[in-house]
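Have a look at this one before I ask anything.
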Amino acid sequence: MNSLWGQPLPQSFYEKDTEDLAYALLGVVLAHQTPEGLTAGRIVEVEMYRGSLDRAAHSYSGVATKRTRVMFGPPGHAYVYFIYGMHYCLNVVSAPEGKGEAILVRALEPLVGLDIMARRRNMALFNPSFSKDSQRLTNGPAKLAQALGINSRQYGWPLFESPLSLHQIEDPVSKTKIARGPRINVSYAKEAADFDWRFWIRDNPFVSRG
DNA sequence: TGATCGATGCTCT
DNA sequence: GAGCATCGATCAA
């Protein structure tokens, strides 16, 4: 737990419809306390995945497997998966329990521990005063996982009581400042490929694709 | 600035 | 055995 922002958001925060939670997550701080130090960033882009409604979701079959087990569990837990042989991605499990719905965190605006993030990302020449470099730290789901030190060890962690936590440090982002559109790299998912289930803070330079 | 493509290994069929 | 909720290097313009 870290003392910078006090208590993390309680489990009740996650007990809402998945689309409402996707909106609510924008502007929230994701923090990870490790022996290396604290790294944290503001969520600026997410995608939602909706179980058996959604051909693109890992939980589409409706059957919990070893990989997807936490997606079907109670909300507020971390669903971390391994992809393309080398990358990890972080999802926030949402309600209702049993549906297999979750929200992929696609981009952060880095706030704390940028030096640690740069080291983990092998950006040796990182210069915090050069904004183009700081944008490259966390503007993609696998990038932010690497920058925050997230991998299979964090699978299933409760985000309301673990070293990986979410914090509300500002008023919720107004819907008028939020853009939405189709998700990235799900063209195989037939009708679900066209769903506007990606949400991002409009004009924010840290999103993966504006 | 944008398109293309290889790396790399787990998951599910 | 095929495919993948990605990234970064490379090449063309």
**Prompt:** What distance do A:I43 atom CD1 and A:F199 atom CZ have between them, rounded to the nearest 0.5 Å?
**Reply:**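 A:I43 CD1 to A:F199 CZ: 13.5 Å, rounded to 0.5 Å.
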**Message:** Could you tell me how far apart A:R198 (CZ) and C:dA5 (C1') are, to the nearest whole angstrom?
**Reply:**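 These atoms are roughly 12 Å apart.
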**Prompt:** Hey, does the side chain of A:N185 come within less than 4.0 Å of C:dT6's phosphate (OP1/OP2), counting only N and O?
**Reply:**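 Indeed, a polar side-chain atom of A:N185 lies that close.
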**Message:** Pick the closest DNA chain C nucleotide for A:V186 and for A:R121 by heavy atoms, then say which residue is nearer the 5' end.
**Reply:**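 So the residue in question is A:V186.
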**Asked** In whole angstrom, what separates A:R55's CZ from C:dA5's P?
**Response** 14 Å
**Message:** Can you measure A:M71 atom CE to C:dA5 atom P for me and round it to whole angstrom units?
**Reply:** 11 Å
**Request:** Kindly write out the residues that satisfy side chain to side chain contact (heavy atoms under 4.5 Å, CB included) with A:N151, not counting sequence neighbours, or none if the list is empty.
**Result:**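 Result, side chain to side chain contact (heavy atoms under 4.5 Å, CB included) vs A:N151: A:Y88, A:R153, A:Q154.
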**Request:** Take the protein atom CZ of A:F195 and the nucleotide atom P of C:dA5, then report the distance between them rounded to whole Å.
**Result:** 16 Å
**Message:** Working note: A:F160 + A:H77, criterion ring-ring contact (aromatic ring centres under 6.0 Å, His included); need CA distance, chi angles, decisive distance, verdict.
**Reply:** CA-CA 8 Å; A:F160 44 90; A:H77 293 254; 5.4 Å; yes
**Item:** Residue-phosphate contact under 4.0 Å: A:Y188 side-chain N/O, C:dA5 OP1/OP2
**Value:** yes
**Message:** Under 4.0 Å, heavy atoms only, any strand: does A:A56 hit a base, just the sugar-phosphate, or nothing?
**Reply:**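 Base contact.
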**Asked** Hey, is the side chain of A:R136 poking within less than 4.0 Å of OP1 or OP2 on C:dG8, counting only N and O atoms?
**Response** no
**Message:** Stem finding on DNA chain C, please: runs of three or more consecutive Watson-Crick or G-U wobble pairs, both distances under 3.5 Å, sorted by first number.
**Reply:**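 Detected stem regions: B:1-7 with C:6-12, B:9-12 with C:1-4.
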**Asked** Is there a side-chain contact between A:I103 and A:Y49, using heavy atoms and a 4.5 Å cut-off?
**Response**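 Counting from C-beta outward, A:I103 and A:Y49 never come under 4.5 Å.
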**Message:** Between A:Y81 and A:H58, is the ring centroid distance below 6.0 Å?
**Reply:** yes
**Asked** Just by protein heavy atoms under 4.0 Å, how would nucleotides 6-13 of chain B read 5' to 3' in B, S and -?
**Response** -BBBSSS-
**Prompt:** Is A:H32 close to A:I150 at the side-chain level, that is, under 4.5 Å between some pair of heavy atoms?
**Reply:** yes
**Asked** Does the side-chain ring of A:Y81 lie flat on the base of C:dA5, meaning centres under 5.5 Å and planes less than 30 degrees apart?
**Response**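 Not stacked by the 5.5 Å and 30° rule.
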**Message:** Are the side chains of A:Y14 and A:L21 in contact, using a 4.5 Å heavy-atom criterion?
**Reply:**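 A side-chain contact exists here, since the closest heavy-atom pair is under 4.5 Å.
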**Item:** Student check: side-chain heavy atoms of A:L26 and A:W200 closer than 4.5 Å
**Value:** no
**Pairwise side-chain contact, A:D54 with A:W197, heavy-atom cut-off 4.5 Å (strictly under)** =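 Yes, at least one pair of side-chain atoms sits under 4.5 Å.
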